[in-house]
Amino acid sequence: MLQIHNNLTKRKEPFVPIDPKNVRMYVCGMTVYDLCHLGHARVLVVFDVVYRYLRRVYGAEHVTYVRNVTDIDDKIIARANERGEKIEQLTEHFIAEMTRDADALGVLHPGEEPRATRHMSEIIDMIQTLVDKGYAYQAGKGDRADSLGDVYYDVSRFEHYGQLSGKNTDDLRAGARVEVDVAKQDPLDFVLWKSAKPGEPCWESPWGKGRPGWHIECSAMATCCLGNHFDIHGGGLDLQFPHHENEIAQSEAATGEKFVNVWMHNGFVRLDEEKMSKSLGNFFTIREVLEKYDAEVVRFFILNSHYRSPLNYSDKHLDEAKAALTTFYHALRGVTPVEGGNGQAYAVRFEAAMDDDFNTPEAIAVLFELAREINRLRGSDAQAVDRLAAELVRLGGCLGLLARDPEVFFQGRRPTEIQAGCASRTTTTHNAEVASGFPEAKIKILIEARTEARKNKDWAESDRIRDELAAQGIVLEDGGPQSTTWRWE
RNA sequence: GGCUGAGUGGCAGAGUGGCUAUGCAGCGGACUGCAAAUCCGUGUACCUCGGUUCGACUCCGGGCUCAGCCUCCA
């Protein structure tokens with residue numbers, strides 16, 4: 001049975017859906033004012049695997065996955081002004097870029113991708129409900145004139161505030177670093193509706209023209225798309241406080257119902273043992289990494305650590321991920337996967353690992369053993385090999401891996417960096433032919449010439465050809481005297 | 001200052017109260033014209049100090065170190 005670490009209770013718990021016919025998950029997605037970085041890649045991939053696995057357990061049609069897009073906030077406004085663009089122009093652009101990255105990483109499309117700007121009436125309704133119920137207040141008359149239309153959430157009214165993040169309001173007040181805002185009754189209160197300054201994008205509301213605070217949009221969109229009470233809510237660990245804490249406060253105060261059963265947070269991506277983040281400026285965009293590494297390699301790298309652990313980025317780790325994938329595709333090379341499992345034992349262990357809070361490193365370990373079994377039986381039991389290969393592909397597919405033809409993995413693309421050895425230069429991927437000026441036909445001719453030389457025991461010529469290809473980043477692998485395959489190194 | 005999480009072999013990374021993780025790298029062997037790939041074998045480990053226990057890397061307590069949150073952040 002599937003167990004998930006619930007961050008609300010800080011324990012691993014059996015996962016019991018509210019409705020097994022409709023398992024519902026909401027994940028906080030991106031604020032679209034820039035390209036996604038590796039931290040975003042991790043959220044995308046981690047919850048993609050959760051989604052895939054839930055679909056496998058409960059049936060593809062019985063899982064609803066919603067991942068929102070924040071398309072209005074201060075940073076977006078600032079960036080649009082910098083670039084001299086309209087808000088919509090900017091957000092459409094970066095939504096398209098985000099989708100490109102997600103597609104490259106093999107991330108399934110969520111069932112719904114709600115945007116804040118398209119749910120303004122639900123947002124305003126929820127704020128109104130909070131005001132009506134006495135959980136929210138409008139900035140008073142004595143406050144700054146420009147905050148008159150601001151509406152704040154009254155944290156003191158919500159009894160369970162701090163449960164998710166393990167904080168209590170007294171400690172928070174004691175250590176409060178938030179700047180004193182005269183409009184707030186309490187430094188912990190947070191804004192639900194921000195009145196618009198001149199020239200800012202805005203929507204009409206009972207409190208005047210303005211825009212929503214960050215937290216309220218997720219409460220409104222989540223309950224709108226999935227109902228007041230749903231199964232799983234996910235996001236990066238940095239959203240635990242205050243974002244998710246505030247979501248709970250808003251949603252439960254507004255609906256009077258429990259908001260979410262299971263809270264999941266993925267760990268940070270780090271660079272040199274330090275959190276990769278926009279504010280520190282120590283981040284790599286997905287785009288940059290994909291210039292050097294195959295997207296499936298990046299995906300493997302992410303899944304080779306448990307989702308709650310920190311993930312340290314380095315080229316060395318990416319190189320290892322590449323080597324690991326190479327091993328898997330080698331096992332699949334030259335076989336014809338045939339359904340009809342003799343790989344049950346592996347599947348059982350794989351699922352046990354995934355059932356244990358999505359333990360992907362453990363699941364991958366099982367895949368390695370499966371690959372070894374395939375290689376072991378190769379040449380002696382073709383039927384068993386074909387069936388095990390099918391199992392490897394199927395289980396890999398649960399992780400969104402190993403879906404390609406091995407030949408495409410080996411020969412399809414390669415980073416240009418390899419050929420010239422100029423690591424400092426920005427690199428890009430191209431088709432094999434573009435990359436090296438070394439067309440496939442030429443590779444084939446050289447391999448044939450080498451086969452001929454080997455037949456004649458002309459080892460000098462044979463090795464010369466191999467070296468010539470190696471200089472282009474091409475590795476030859478002899479299957480026998482007549483069958484030689486190649487791959488990009 | 002308050003709170004949270006983590007410290008495993010050369011590196012990465014799981015897990016368990018007593019029994020092989022797994023991968024990469026290393027070493028030995030098989031295969032190969034030589035390689036590559038693959039297979040077989042193999043070494044190195046559980047931050048520290050106490051406690052519980054027949055027995056702890058695994059449970060409990062103290063310490064040290066690291067990371068994170070308490071402000072926007074996936």
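Computed from a predicted structure; not experimentally measured. Quick note on labels: first sequence line is chain A, next is B, and so on, each numbered from 1.
Residues A/Tyr51 and A/Val107 fail the side-chain proximity criterion, which asks for heavy atoms closer than 4.5 Å. Side-chain contact check for A/Phe284 versus A/Val289: some heavy-atom pair is nearer than 4.5 Å.
Within 4.0 Å of A/Lys275, counting heavy atoms only, lies at least one base atom of the nucleic acid. Counting non-hydrogen atoms under 4.0 angstrom, A/Val269 reaches a base of the nucleic acid. A/Ser309 comes within contact range of the sugar-phosphate backbone alone, with a heavy-atom separation under 4.0 Å but no base atom that close. Using a 4.0 Å heavy-atom distance criterion, A/Leu239 is classed as a sugar-phosphate-only contact. If you check every strand for non-hydrogen atoms under 4.0 Å, A/Asp73 touches nothing. Residue contacts shown for A/Arg464 are absent, as no nucleic acid heavy atom lies under 4.0 Å away. Nucleic acid contact class of A/His265 (heavy atoms, under 4.0 Å, all strands): none. Among the protein residues, A/Asn168 comes within range of no part of the nucleic acid, since none of its heavy atoms lies under 4.0 Å from any strand. Residue contacts for A/Ser277: at a heavy-atom cut-off of 4.0 Å it reaches a base atom on one of the strands shown. Counting non-hydrogen atoms under 4.0 angstrom, A/Glu477 reaches a base of the nucleic acid. Counting non-hydrogen atoms under 4.0 angstrom, A/Gly479 reaches nothing in the nucleic acid. As judged by a 4.0 angstrom heavy-atom cut-off over every strand, A/Asp478 is placed among the base-contacting residues.
Mapped onto RNA chain B by nearest heavy atom, A/Ser305 and A/Tyr33 fall at different nucleotides, with A/Ser305 at the one closer to the 5' end.
In this structure, A/Asp467 places its CG atom where more than 12 heavy-atom neighbours from other residues, nucleotides or ligands lie under 6.0 Å away.
Under the 30°/60° scheme for interplanar angles, the aromatic rings of A/His243 and A/Trp214 are found to lie parallel.
Considering CD of A/Gln472 and CH2 of A/Trp488, their distance stands at 7.5 Å, rounded to 0.5 Å.
Residue A/Asn304 places no side-chain N or O under 4.0 Å from the OP1 or OP2 atom of B/A12. OP1 or OP2 of B/A37 has not a single side-chain nitrogen or oxygen of A/Trp486 nearer than 4.0 Å.
Of the nucleotides present, B/G18 is the one that pairs with B/C54 by Watson-Crick or G-U wobble criteria, both distances under 3.5 Å. Figure legend. B/C31 is base-paired to no nucleotide; pairs are counted as Watson-Crick or G-U wobble with both atom distances under 3.5 Å. Under the Watson-Crick or G-U wobble criterion, with both distances below 3.5 Å, B/G68 is paired with B/C3. In this structure B/U48 sits in a base pair with B/G62, meeting the Watson-Crick or G-U test at under 3.5 Å. The partner of B/U42 is B/G26, judged by Watson-Crick or G-U wobble contacts that both fall below 3.5 Å.
Below the 3.5 angstrom threshold, one finds a donor paired with an acceptor across the side chain of A/Arg466 and the base of B/A35. Between the side chain of A/Ser462 and the base of B/G33, at least one donor-acceptor pair of N or O atoms lies under 3.5 Å. With hydrogens and angles left out, the side chain of A/Lys75 and the base of B/C72 share a donor-acceptor pair within 3.5 Å.
Listed in residue order, the members of residues 364-379 of chain A having a heavy atom less than 4.0 Å from RNA chain B are A/Ala365, A/Phe368, A/Glu369, A/Arg372, A/Asn375, A/Arg376.
In the set B/C24, B/G13, B/G33, B/G33 carries the atom at the smallest distance from any side-chain atom of A/Asp463.
Contact between A/His306 and A/Asn359 at its shortest, heavy atoms only, is ND1-CA, 3.8 Å.
Of the C1' atoms belonging to B/C46 and B/U16, the separation is 12 Å, rounded to the nearest Å. As rounded to the nearest Å, B/G26 and B/A37 have P atoms that lie 10 Å from one another.
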For nucleotides 4-11 of chain B, print each protein N/O atom paired with a nucleotide N/O atom at under 3.5 Å, atom names and distance only.
{"from": "B/C11", "atom 1": "O2'", "to": "A/Lys316", "atom 2": "NZ", "distance (Å)": "2.4"}

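Geometrically, A/Lys167 engages A/Phe241 in a cation-pi contact defined by less than 6.0 Å to the ring centre and at most 45° from the axis.
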